[in-house]
Engineer: 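Dumping the structure here so I can ask a few things about it.
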Amino acid sequence: MRTDATQVYKKRVTRNTLNIQQMMKLEELGLCNLKERDMHTECFFGVEELMQLLPACIVVGGNMYCLQIYKTAFDVLSVRYYNPKTHETICVIGCDDVMPKDESYNGHLVDALFEMVLYVNDNHKEEIAEYKDKLQHYIKSW
């Protein structure tokens, strides 16, 4: 089943923040601190925080791949790292890729961004290492 713009009329609420399990996974990976986040008005990461967490560009084999959010020909919102010069993509995650197994709801952009953060953390650790270091320094000074 494809997630497309017609879903806007079928569902009343779009989830724009991560759930507690996803936040705990980020804490395990050293990408957030739940105690520090508890002091904020919104304690769960949203689309904005995940966009700031993801690197704008990744360099692989001398080629630069840029973060891009776009709609596919099937009207599915997707996130990818894309090289416009060579037209190559190293990773693409669509909202239809992050639907639960029982398809109880359609995928959300925040889930696609979360999966992209996990991909970058697993495959391009050097790109996200600076963020982890700054977060650990901030936690120690807190």
Side-chain angles (χ1 to χ4, degrees), residues 1-37 40-142:
M1 179 178 143
R2 291 283 181 188
T3 303
D4 61 22
T6 60
Q7 299 302 316
V8 172
Y9 302 108
K10 294 178 184 175
K11 61 183 176 182
R12 299 275 183 224
V13 179
T14 299
R15 191 164 62 82
N16 291 321
T17 59
L18 297 177
N19 59 34
I20 188 66
Q21 291 85 7
Q22 291 169 321
M23 288 298 291
M24 289 174 65
K25 178 69 176 175
L26 289 180
E27 185 175 42
E28 286 175 24
L29 298 173
L31 296 170
C32 79
N33 184 315
L34 291 177
K35 291 177 185 170
E36 187 272 333
R37 289 297 302 176
H40 295 263
T41 305
E42 182 62 48
C43 55
F44 299 116
F45 278 2
V47 172
E48 297 84 7
E49 288 90 355
L50 292 172
M51 287 295 296
Q52 291 173 1
L53 183 72
L54 285 168
C57 297
I58 292 177
V59 177
V60 177
N63 292 323
M64 183 170 57
Y65 296 86
C66 302
L67 180 66
Q68 183 181 46
I69 297 176
Y70 67 103
K71 274 194 166 183
T72 67
F74 298 104
D75 203 27
V76 178
L77 198 57
S78 300
V79 181
R80 70 178 174 177
Y81 277 100
Y82 175 71
N83 184 330
K85 187 174 181 181
T86 61
H87 302 291
E88 294 176 3
T89 300
I90 56 172
C91 179
V92 61
I93 299 171
C95 287
D96 58 345
D97 296 329
V98 293
M99 293 184 347
K101 302 268 188 271
D102 62 355
E103 295 186 9
S104 58
Y105 65 85
N106 296 313
H108 302 285
L109 178 60
V110 71
D111 293 324
L113 290 170
F114 173 74
E115 291 298 323
M116 187 59 78
V117 167
L118 296 181
Y119 167 80
V120 170
N121 187 62
D122 290 342
N123 299 299
H124 305 283
K125 291 185 183 295
E126 67 281 354
E127 301 291 342
I128 210 161
E130 183 180 352
Y131 172 81
K132 286 182 178 181
D133 292 341
K134 286 181 180 179
L135 179 63
Q136 293 307 317
H137 178 71
Y138 173 73
I139 291 169
K140 288 177 183 174
S141 67
W142 180 55

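From a predicted model like this one, the values you see are computed outputs, not experimental measurements. Computation of the quantities below employed the complete heavy-atom set of this structure, encompassing side-chain atoms and omitting hydrogens, waters and symmetry-equivalent molecules.
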Engineer: Going by the rule salt bridge (Lys or Arg N to Asp or Glu O under 4.0 Å), which residues pair with E130 if we only count those two or more places apart in sequence or in a different chain?
Structural biologist: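 Per chain and number, E130 pairs via salt bridge (Lys or Arg N to Asp or Glu O under 4.0 Å) with K134.
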Engineer: If you look only at distance, which donor and acceptor atoms sit under 3.5 Å apart when one is on a side chain in residues 44-56 and the other is two or more places apart or in another chain?
Structural biologist:
{"unit_1": "E49", "atom_1": "OE1", "unit_2": "G46", "atom_2": "N", "d": "2.7"}

Engineer: Could you measure the distance from the CE atom of M116 to the CD1 atom of I93? Nearest 0.5 Å is fine.
Structural biologist: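 Interatomic distance, M116 CE to I93 CD1, rounded to 0.5 Å: 4.0 Å.
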Engineer: So Q22 and V110, do their side chains get closer than 4.5 Å, heavy atoms only?
Structural biologist: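 Not in contact.
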Engineer: For Y119, is there any backbone N or O sitting under 3.5 Å from a side-chain donor or acceptor partner on N123?
Structural biologist: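 Indeed, once roles are kept as given, a pair shorter than 3.5 Å links the two residues.
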Engineer: Kindly write out the residues that satisfy side chain to side chain contact (heavy atoms under 4.5 Å, CB included) with Q136, not counting sequence neighbours, or none if the list is empty.
Structural biologist: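 Q136 satisfies side chain to side chain contact (heavy atoms under 4.5 Å, CB included) with I139 only.
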Engineer: Starting at CG of L26, measure out to CG of L118 and round the result to the nearest 0.5 Å.
Structural biologist: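 One gets 6.5 Å once the value is rounded to the nearest 0.5 Å.
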Engineer: Hey, does T89 have a side-chain heavy atom less than 4.5 Å from the side chain of Y81?
Structural biologist: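 Of all side-chain heavy-atom pairs linking T89 with Y81, none is under 4.5 Å.
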Engineer: Which residues pass the side chain to side chain contact (heavy atoms under 4.5 Å, CB included) test with N63, not counting sequence neighbours?
Structural biologist: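 If we apply the side chain to side chain contact (heavy atoms under 4.5 Å, CB included) test to N63, skipping adjacent residues, the hits are Y65, N83, E88.
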Engineer: Could you go through the side-chain contact (heavy atoms from CB on, under 4.5 Å) check for V92 and Y70 one step at a time?
Structural biologist: CA-CA 10 Å; V92 61; Y70 67 103; 3.2 Å; yes
Engineer: Determine whether I69 and L77 satisfy the following criterion, side-chain contact (heavy atoms from CB on, under 4.5 Å), listing intermediate values before the conclusion.
Structural biologist: CA-CA 7 Å; I69 297 176; L77 198 57; 4.0 Å; yes
Engineer: Taking all non-hydrogen atoms of both residues into account, name the closest pair between C32 and L135 and its distance.
Structural biologist: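 Heavy atoms only, the tightest pair is N-CD2, 3.4 Å.
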Engineer: Roughly how far, to the nearest 0.5 Å, is the CD atom of E127 from the CG atom of N121?
Structural biologist: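 One gets 12.0 Å once the value is rounded to the nearest 0.5 Å.
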Engineer: Rounded to the nearest 0.5 Å, what separates atom CZ in F114 from atom CD in Q21?
Structural biologist: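 Between atom CZ of F114 and atom CD of Q21 there are 10.0 Å.
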Engineer: Would you say that M24 contacts L34 through its side chain, given a criterion of any heavy-atom pair below 4.5 Å between the two side chains?
Structural biologist: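 The answer is yes; the side chains approach within 4.5 Å.
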Engineer: If the condition is salt bridge (Lys or Arg N to Asp or Glu O under 4.0 Å), which residues does K125 pass it with, not counting sequence neighbours?
Structural biologist: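 Partners of K125 by the salt bridge (Lys or Arg N to Asp or Glu O under 4.0 Å) criterion come out as none, since no residue qualifies.
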Engineer: In Å and rounded to the nearest 0.5 Å, what is the CD to CG distance from E115 to D111?
Structural biologist: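 Rounded to the nearest 0.5 Å, the CD-CG separation comes out at 7.5 Å.
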Engineer: In the structure I gave you, are the side-chain heavy atoms of E27 and N33 within less than 4.5 Å of one another anywhere?
Structural biologist: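 A side-chain contact exists here, since the closest heavy-atom pair is under 4.5 Å.
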Engineer: Under the rule for side chain to side chain contact (heavy atoms under 4.5 Å, CB included), what residues qualify as partners of C57, not counting sequence neighbours?
Structural biologist: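 For C57 the side chain to side chain contact (heavy atoms under 4.5 Å, CB included) partners, ignoring immediate neighbours, are M64, C66.
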Engineer: Answer whether the closest heavy-atom distance between the side chains of V76 and K71 falls below 4.5 Å.
Structural biologist: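 They are not in side-chain contact.
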Engineer: What's the spacing between H108 NE2 and T17 OG1 if we round to 0.5 Å?
Structural biologist: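 That separation rounds to 10.0 Å.
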